[in-house]
Amino acid sequence: MPAFAVILKRKELILMRHILRFLGFEHRSRHVKEYFFAENMKAAIYMSAVIIVLEAAMIIRRALIIVSRETYDKMPSYFMKYYLDPLLLIITASVMLAFSVRFMKGITRNKRIGTAMLLFFTFICLYFGIKVSVGDYRSGEQILTLMTMELFAVCLLNWQPFISIMILTASYLYMYHRMNGLIAPNTGGEGVTTAMKINLFTMWISMIMVCISNYNNTRSQAIKDERLENMNAYLSKLSLTDDLTGMHNMNYFHAEAKKVLDGTVKEPDEPVFLFMDIENFKSYNEKYGFHKGTELLKELAVLIEDIFNGSLTARYSDDHFVVLTSLESYRDKVKKLAKIVHDMQGDVQLSLKCGAYCPVKEDRDPDLACDRARFACNSIKKHYRETVRMYDEKLQSQFRQKQYIVNNIDLAIQSGYIKVYYQPVICVTDGCICGLEALARWEDPEYGLLPPSAFIDILEEYRQIYKLDKCIIEQVCRDHCAAAGRGMEFPPVSINLSRLDFELCDIVGFLCDMTGRYNISRNKLDIEITESALTNKQSQLQRSLADLRRNGFSIWLDDFGSGYSSLNVLKDFHFDVLKIDMKFLAGLGTNEKAGTILSTIITLTKQLNMYSLTEGVEHEEQFNYLSSLGCTKAQGYFFSKPVTLDDLNELISSGKLRLPAAAASQNA
Ligand code: C2E
Ligand code: MG
Ligand code: MG
């Protein structure tokens with residue numbers, strides 16, 4: 001029983017809450033209140049305009065009657081009787097009209113005055129309506145003026161229902177009271193007739209219904225509008241905020257920086273664009289995990305916003321941040337930040353690098369300004385002592401070269417400026433060539449012979465690298481085919497691919513097409529993937545490598561030992577050949593451990609069923625040492641630098657390099 005009572009109580013409570021909400025007793029958000037107010041202001045414009053026109057027409061009509069009857073002497077009494085009320089109404093409506101127009105135009109925003117005026121206007125309208133209707137009733141006419149004014153004042157204007165009910169009840173009671181004191185025109189008796197009572201009651205109740213319905217319609221519109229506005233605000237915030245750090249993103253930065261470059265915004269006085277990069281962040285991520293890396297980026301974002309407080313700051317991408325600040329104090333701020341970053345490091349040495357660019361007058365493009373600051377930043381990577389680098393003329397000419405590379409890669413490929421140089425790979429046991437590595441060179445008419453260091457990174461940054469790699473693949477296939485055409489044996493060639501090739505094009509499909517078109521056995525092409533490309537576990541890349549292997553290509557791991565997670569890479573992927581980074585061989589003389597590590601890696605390759613290839617052999621002693629360790633293959637300047645195919649043939653025919661006996665006799 002008590003439970004039933006509780007349920008009943010709860011139901012009653014819910015019903016009560018609904019009724020109260022229906023009557024307008026509820027908390028209304030600021031937006032909803034403003035929506036109602038603006039709707040009322042709009043309605044007030046129509047209402048006051050209509051009232052001004054109607055009342056003006058009444059005044060003119062009366063004036064014409066006076067003129068036609070020539071009753072000028074009665075003017076003073078006529079004024080009190082016929083003109084005072086309409087004039088009062090016109091004045092009130094004009095003030096209301098002026099206020100609501102100013103409000104809609106945004107000239108005034110004072111809602112208190114507005115509400116007071118609406119109430120006053122409503123009162124005047126109803127007073128006028130009752131006064132005229134009482135007069136009409138006395139002379140046997142309908143009481144339509146009251147109805148019209150009520151329609152205006154409580155139906156067109158949107159009051160909370162309980163206010164409308166109060167206004168309507170008060171006005172009808174007053175009307176009833178006034179009519180009750182008169183002789184009913186149709187019966188001749190005193191007081192309001194029963195029929196009229198019923199009429200008044202019906203009018204009262206239907207007006208209340210209209211008010212409630214109007215209010216609730218407008219209310220749901222207001223709520224819908226609010227939700228939409230909130231959603232828009234959320235979306236626009238989202239489009240300007242960096243998801244990870246919560247600071248501004250590049251959309252925002254670009255738009256604001258553009259205003260500075262266009263001169264729309266005068267601050268800062270002498271602007272400077274900064275591009276900041278955390279050196280070794282990748283290693284930090286690898287060592288401490290993705291989550292810690294993200295935490296670090298968030299911390300950095302807060303620090304940057306704090307140190308460059310008042311300046312435009314944003315996250316560019318990854319561990320890169322941009323700032324638009326004033327030239328005056330930027331160096332000290334960057335140094336302060338660099339010190340904090342330095343103190344943050346654990347086992348991984350983190351350092352902040354910053355490039356700065358001062359825009360000149362003609363600069364209008366924030367992207368270009370950021371690019372230049374970034375270029376300056378990249379120029380001091382691995383320069384341990386330097387933290388800040390200003391973009392200057394020297395960098396300007398290098399930057400031009402970078403743009404030249406990006407803009408001319410297509411032309412260079414079409415015009416044959418991209419050439420394959422071959423560097424022999426030597427079999428350690430017999431000293432003969434057992435393979436060639438294809439290395440790209442750009443023979444440019446303007447800049448001369450460009451090494452890969454001048455264009456590979458740039459082409460990767462601008463996601464154009466696949467064009468170059470495809471070009472190299474085709475040239476290698478063509479060289480193979482030409483050799484086969486002359487009945488000669490061509491050693492297998494290893495080709496360097498970028499991680500991006502697998503993203504930007506169907507490189508596996510292309511390799512299959514080319515080997516098919518030039519009729520080359522797939523075991524004549526080996527694919528080199530550099531270790532740094534494989535540091536994150538990427539299932540897509542893993543699938544592509546499996547695809548390569550399925551299609552008959554061997555996969556070589558290049559630059560093994562150059563990163564932090566070399567052993568992880570071996571755990572996650574399978575390779576046919578391990579190319580040991582040249583730093584181990586170079587370190588032999590100076591670092592005692594280098595020899596031990598080298599020998600351990602070579603033993604490991606055997607255990608994992610792989611061949612070992614050591615890069616960077618420059619001296620005979622190094623070669624002999626590798627031979628004593630049981631390394632399978634060797635490559636380096638000691639045998640030959642990368643050379644053109646003609647030069648390679650020359651080296652072979654002069655006897656400086658040797659092909660294996662079988663190939664040599666076939667080629668002879
Ligand atoms: P990598 O694949 O590790 O190539 C070996 C680099 O070491 C070559 O530099 C080669 O000239 C150099 N080298 C070989 N032996 C010695 C030596 O005894 N001592 C010294 N100090 N260096 C030696 P290169 O040709 O400048 O290429 C640099 C890098 O550019 C390559 O490193 C490779 O990662 C990339 N690369 C070259 N060609 C291509 C290409 O066609 N496509 C892609 N995606 N990358 C390429
Ligand atoms: Mg290589
Ligand atoms: Mg290498």
Side-chain angles (χ1 to χ4, degrees), residues 405 409 412-413 417-426 433 435-443 449-477 479 492-505 507 510-511 514 525-534 541 554-563 566 569 575-588 601 612-623 625-626 631 633-644 647-648 657:
I405 300 280
I409 177 67
I413 289 172
Y417 301 157
I418 304 295
K419 296 264 164 62
V420 182
Y421 275 46
Y422 291 101
Q423 188 179 30
V425 175
I426 305 296
I433 298 176
L436 301 171
E437 177 171 13
L439 292 157
R441 297 290 182 267
W442 183 322
E443 289 177 1
L449 182 68
L450 296 174
S453 57
F455 54 85
I456 296 284
D457 285 351
I458 298 172
L459 292 176
E460 286 198 335
E461 185 186 334
Y462 285 84
R463 301 171 81 80
Q464 305 281 308
I465 187 71
Y466 70 99
K467 295 181 179 169
L468 175 111
D469 286 344
K470 279 179 158 185
C471 167
I472 296 294
I473 292 171
E474 180 149 19
Q475 283 191 45
V476 169
C477 289
D479 287 344
V493 178
S494 64
I495 290 174
N496 292 284
L497 288 191
S498 161
R499 172 181 59 83
L500 291 176
D501 292 340
F502 297 94
E503 263 178 50
L504 300 171
C505 68
I507 199 75
F510 185 78
L511 276 161
M514 285 299 127
L525 290 190
D526 304 311
I527 303 304
E528 288 192 23
I529 305 285
T530 180
E531 185 200 276
S532 59
L534 302 162
L541 190 56
S554 297
I555 302 168
W556 296 16
L557 177 61
D558 203 355
D559 305 326
F560 178 76
S562 58
S566 311
V569 170
F575 302 96
D576 302 280
V577 174
L578 200 77
K579 290 189 82 171
I580 303 164
D581 196 77
M582 61 182 81
K583 78 173 175 210
F584 294 106
L585 209 51
L588 276 182
I601 296 174
S612 51
L613 190 168
T614 309
E615 297 182 281
V617 181
E618 293 186 353
H619 311 287
E620 193 170 6
E621 303 83 69
Q622 290 172 329
F623 180 58
Y625 181 65
L626 287 177
C631 179
K633 300 163 195 252
Q635 182 183 351
Y637 293 172
F638 172 58
F639 312 106
S640 163
K641 287 193 167 184
V643 289
T644 59
D647 289 348
L648 180 75
L657 289 173

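Remember, it's 1-based here, ligands and their atoms both numbered in the order they're listed. Keep in mind that the numbers below use all heavy atoms, side chains included, and drop hydrogens, waters and symmetry copies.
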Have a look around the Mg ion (ligand 2) and list protein N/O/S atoms under 2.8 Å, or say none.
Glu437 OE2, Asn496 OD1, Glu528 OE1, Asp558 OD2
Filtering Ile473, Asp559, Val617, Asp558 for the heavy atom nearest atom 2 (O) of ligand 1 leaves Asp558
Run down the list Met582, Glu615, His619 and name the one with the heavy atom closest to atom 12 (C) of ligand 1.
Met582
Within-shell test, [X] vs ligand 1, heavy atom, strictly < 4.0 Å:
X: Thr530; value: no
X: Pro642; value: yes
X: Pro451; value: no
X: Glu437; value: yes

Going by the 4.0 angstrom heavy-atom rule, the piece of Asn496 near ligand 1 is both
What part of Ile456, side chain from CB on, backbone N/CA/C/O, both or neither, has a heavy atom under 4.0 Å from ligand 1?
side chain
Non-neighbouring partners of Lys419 that pass salt bridge (Lys or Arg N to Asp or Glu O under 4.0 Å), sequence neighbours left out
Glu443
Lys467: salt bridge (Lys or Arg N to Asp or Glu O under 4.0 Å) partners, not counting sequence neighbours
Asp410
What residue among Ile473, Ile507, Leu468, Asn496 forms side-chain contact (heavy atoms from CB on, under 4.5 Å) with Asp501?
Ile507
Could you say whether the N/O atoms of [X] and ligand 1 ever approach to under 3.5 Å?
X: Gln635; result: no
X: Ala440; result: yes
X: Arg441; result: yes

In Å and rounded to the nearest 0.5 Å, what is the [atom1] to [atom2] distance from [X] to [Y]?
X: Ile580; Y: Leu626; atom1: CD1; atom2: CG; result: 7.5 Å
X: Asp479; Y: Thr644; atom1: CG; atom2: OG1; result: 10.0 Å
X: Leu450; Y: Ile458; atom1: CG; atom2: CD1; result: 9.0 Å

4.0 Å protein heavy-atom contact status of atom 7 (O) of ligand 1, strictly under:
yes
Looking at atom 32 (O) of ligand 1, tell me if a protein heavy atom falls under 4.0 Å from it.
no
For Lys583, does the NZ atom have more than 12 heavy-atom neighbours from other residues, nucleotides or ligands under 6.0 Å away?
yes
Check side chain to side chain contact (heavy atoms under 4.5 Å, CB included) between Met582 and all other residues, then give those that pass, not counting sequence neighbours.
Glu615
